[in-house]
Every structure is written in C-alpha cells, then in structure tokens.
Number of protein chains: 2
Amino acid sequence: MNKKKLTEVLCGAEQLCRKRGVRLTARRRTVFELLCASDKPLSAYKILDRMRVAARNPAPPTVYRALDFLLEQGLVHKLESLHAFVGCTHPEHPHSSQFLICGDCGEVSEMENEAILQSLQTAERATGFKTRHPVVELLGTCAQCAEKHQSG
Amino acid sequence: MNKKKLTEVLCGAEQLCRKRGVRLTARRRTVFELLCASDKPLSAYKILDRMRVAARNPAPPTVYRALDFLLEQGLVHKLESLHAFVGCTHPEHPHSSQFLICGDCGEVSEMENEAILQSLQTAERATGFKTRHPVVELLGTCAQCAEKHQSG
DNA sequence: GGAAAGGATGTTATGTTATAACATCATCAA
DNA sequence: TTGATGATGTTATAACATAACATCCTTTCC
C-alpha cells in the first residue's frame with residue numbers, strides 16, 4: 001500500500017471509531033498501521049518486533065489487546081491457517097470475507113464473494129446451524145505464481 | 001461413536017492404507033482411534049495425554065508425526081480455528097469438507113456440500129487462483145443448542 | 001478542582017501449540 | 001547380511017497466546 005492510500009485508510013479508521021464511540025488509541029493505531037503498511041500478513045510477534053522501533057519494550061499482551069480491539073471493530077482480520085493478521089481496507093460495513101492465500105509468494109487477497117456467502121447460508125438453513133463467524137481460507141497458488149511455474 | 005462403528009472405521013482405515021501401500025503403524029493407529037473414539041475434536045496435547053495411558057512417555061513429535069501421516073491420508077482433518085483434530089469417518093475418497101463448529105456444546109459436524117464447493121471453484125476460476133486446500137469452518141451455534149437458548 | 005469509575009496499558013509469569021535436530025530402531029529388498 | 005528407507009525416540013526450543021495483578025489515563029459527576 002502506498003503512503004497516500006495508507007493515510008486515507010488511517011483517516012477512515014479514525015472516523016469510523018469516532019462514529020462508533022470507541023477509542024483508536026496510539027497503540028491500536030500503531031498496530032493497525034503496521035498491518036496496513038505490510039503487504040503480507042503479520043503474526044502477533046512480528047508486529048511486536050516492529051513496534052520495538054517506536055515503543056520501548058512492548059510485551060505480547062500489548063499487541064494482542066490491540067488486535068482484539070481491531071478485530072472487534074472489523075479493522076483487521078485473522079488468518080486462522082497462518083496464525084497471522086491482515087489489515088482490512090474496507091471496514092466501513094460489517095462483512096465476512098474469504099481469503100486467497102498463496103503459499104509461494106505469501107500474498108493474501110481478500111474477497112467478498114456473494115455466491116460463496118449464499119451457498120454457506122443455504123447450508124446453514126438446511127442444518128439449522130447459526131453461524132457467528134465464517135472462516136473461509138483457500139490455501140494454494142495465486143495466478144501470478146502459477147504462471148511463473150508454467151513458464152519457468 | 002459406538003464400539004461396533006469404531007471397529008468398522010478402524011478396519012476401513014487398515015484396508016485403505018494397505019491398498020495405498022502405506023503403513024498404519026501402532027502409533028498412528030492409536031492416534032486415529034483416539035480421535036475417532038472422541039465425540040469432540042482433540043488438540044495434539046490432549047491426544048498426547050490420552051496416549052500416556054498406553055505408551056510410556058510419548059513426546060509431542062510422536063503425536064504430530066502421526067497426525068501428519070493421518071492428515072496426508074485423509075483419515076483426519078485439522079480444524080484451524082480450534083487448533084484441534086477430528087477423525088474422518090469417510091476417508092475412502094479424497095474430498096474437502098466444511099465444518100460446523102458449535103461454540104456452546106463443542107460438537108463439530110463435517111459436511112460435504114456441493115454447492116459450497118461449486119461456488120469456491122467459480123471464484124477460483126474468476127481469479128486464476130489454484131486452491132490446494134480449502135479451509136471452511138463455520139463458528140456458531142448448532143441447531144440443538146440454538147433451540148435450548150430459545151426455550152431456556 | 002477533586003474524587004470515583006471505567007477503560008487502557010504496563011509488567012511478570014506462564015500456558016499452549018508446534019517443530020528442529022539428531023539418535024536409534026524396524027522393515028524390506030537386493 | 002548389508003544397505004536403504006522409513007518410523008520412532010529424545011531433547012531442546014521456537015512460536016503463539018493468555019492469566020493475573022499493578023498502574024495510569026480519561027471522563028464524569030459533585
């Protein structure tokens with residue numbers, strides 16, 4: 001993410017939190033910024049390492065608390081299969097996403113596919129299950145890496 | 001799972017491994033049996049605890065190696081969102097499942113829903129992403145627990 | 001302003017999940 | 001029997017996550 005876009009996203013997050021009456025404190029903002037600035041998902045401990053530059057001697061709970069807050073607000077997503085987190089670039093509306101996780105280059109793309117959500121909801125209705133949080137993560141190879149393998 | 005069904009599943013696993021030319025050793029069999037006998041998913045360390053009854057002083061790699069083998073053979077599934085494992089009751093054909101995970105009673109049901117798989121595949125084709133392993137886990141409340149809450 | 005309440009953070013310790021690295025043992029084929 | 005391969009044992013440690021309690025900051029109310 002370039003600097004301009006990052007500023008936009010941070011401003012958006014500020015506004016969102018103000019509107020909701022919750023506090024995007026310095027710590028939380030730092031964690032969110034680090035995630036958004038990274039083009040790859042970051043584990044809590046990677047975030048911790050990068051925080052050492054700014055804050056002095058942060059401990060794991062510092063990061064996990066900030067992540068809990070950001071997850072609640074929909075500003076970040078957790079990738080269960082990677083034990084890692086990504087910033088969400090469109091947190092304005094509550095949503096559930098699907099993630100395409102490339103095992104080659106490590107890039108993750110977030111998508112919001114209506115057909116997938118529909119099919120999940122149909123299955124729920126059939127079974128009577130009430131989903132609170134769907135986890136959909138596709139582990140594989142992205143288009144670019146797949147192409148490299150074919151040509152290379 | 002009752003004892004008769006468990007015996008059947010174990011026999012099935014034996015046959016499957018023989019057919020594939022891979023070895024369902026004592027350790028692997030034990031891990032598989034513990035998972036199948038449990039009505040809830042088990043973490044690797046829970047399995048380890050239960051193994052202490054039989055083997056003397058097993059260490060984590062013992063369990064993780066057995067799990068790796070069983071995962072490869074499709075005899076067990078990993079639930080990423082729980083850091084836990086479940087036995088698969090129909091490993092004959094390779095398949096990818098979806099899991100309904102009840103946060104109340106802890107029960108997990110495995111389903112193989114064609115419509116969901118279709119919608120995932122459609123999304124893949126649209127993006128050029130090649131999925132090796134789809135993770136679909138719905139966290140919520142099962143029908144029974146939901147009913148209890150309404151009436152209770 | 002000052003006190004009380006609630007939320008956020010700091011700090012220490014520990015729990016939980018997972019793997020690296022190397023030694024040993026078992027199985028099977030040549 | 002020997003060599004190759006795969007499975008297991010063993011020790012240590014890496015990586016991920018939270019409990020528990022102290023402290024501090026912010027807001028509200030008097």
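Quick caveat: nothing in here was measured; it's all calculated off a predicted structure. Chain naming here is simple, since letters A, B, ... match the order of the sequence lines and numbering starts at 1 in each.
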Would B/D49 and B/R52 satisfy salt bridge (Lys or Arg N to Asp or Glu O under 4.0 Å), going step by step from the backbone distance to the final call?
CA-CA 5 Å; B/D49 285 342; B/R52 283 185 222 288; 3.7 Å; yes
In terms of heavy-atom contacts, B/V31 and B/M51 come closest through CG2-SD, 3.9 Å
Once you round it to whole Å, what is the distance between [atom2] of [N] and [atom1] of [X]?
X	N	atom1	atom2	value
A/K46	D/dC16	NZ	P	7 Å
A/I47	D/dA17	CD1	P	10 Å
A/R52	C/dT11	CZ	P	13 Å
B/R27	D/dG9	CZ	C1'	9 Å

Can you tell me how the ring of B/Y45 sits relative to the ring of B/Y64, calling it parallel under 30°, perpendicular over 60° and tilted otherwise?
perpendicular
So, OP1 or OP2 of [N]: does either fall under 4.0 Å of a side-chain N or O from [X]?
X	N	value
B/T25	D/dA7	no
B/T62	D/dT8	no
B/Y64	C/dT19	no

Indicate, with yes or no, if B/L120 and B/F129 share a hydrophobic cluster defined by side-chain heavy-atom contacts under 4.5 Å among Ile, Leu, Val, Met, Phe, Trp and Tyr.
yes
Per the under-4.0 Å heavy-atom filter, residues of residues 65-83 of chain A near DNA chain C come out as A/R65
With centres under 5.5 Å and planes under 30° as the test, does A/Y45 stack with D/dC16?
yes
Would you kindly compare B/R28 and B/N57 by the position of their nearest DNA chain D nucleotide and give the one closer to the 5′ end?
B/R28
Check the pair A/R65 / A/D68 against salt bridge (Lys or Arg N to Asp or Glu O under 4.0 Å), numbers first and verdict last.
CA-CA 5 Å; A/R65 283 170 186 154; A/D68 285 344; over 6 Å; no
I'd like to know if the side chain of B/T62 and the backbone of B/A59 have a donor-acceptor N/O pair within less than 3.5 Å.
yes
Nucleotide nearest A/R23 (side chain, heavy atoms from C-beta), chosen from D/dA7, C/dA18, C/dA8
C/dA8
Mind checking if B/P61 touches a base, just sugar-phosphate, or nothing, with heavy atoms under 4.0 Å?
base
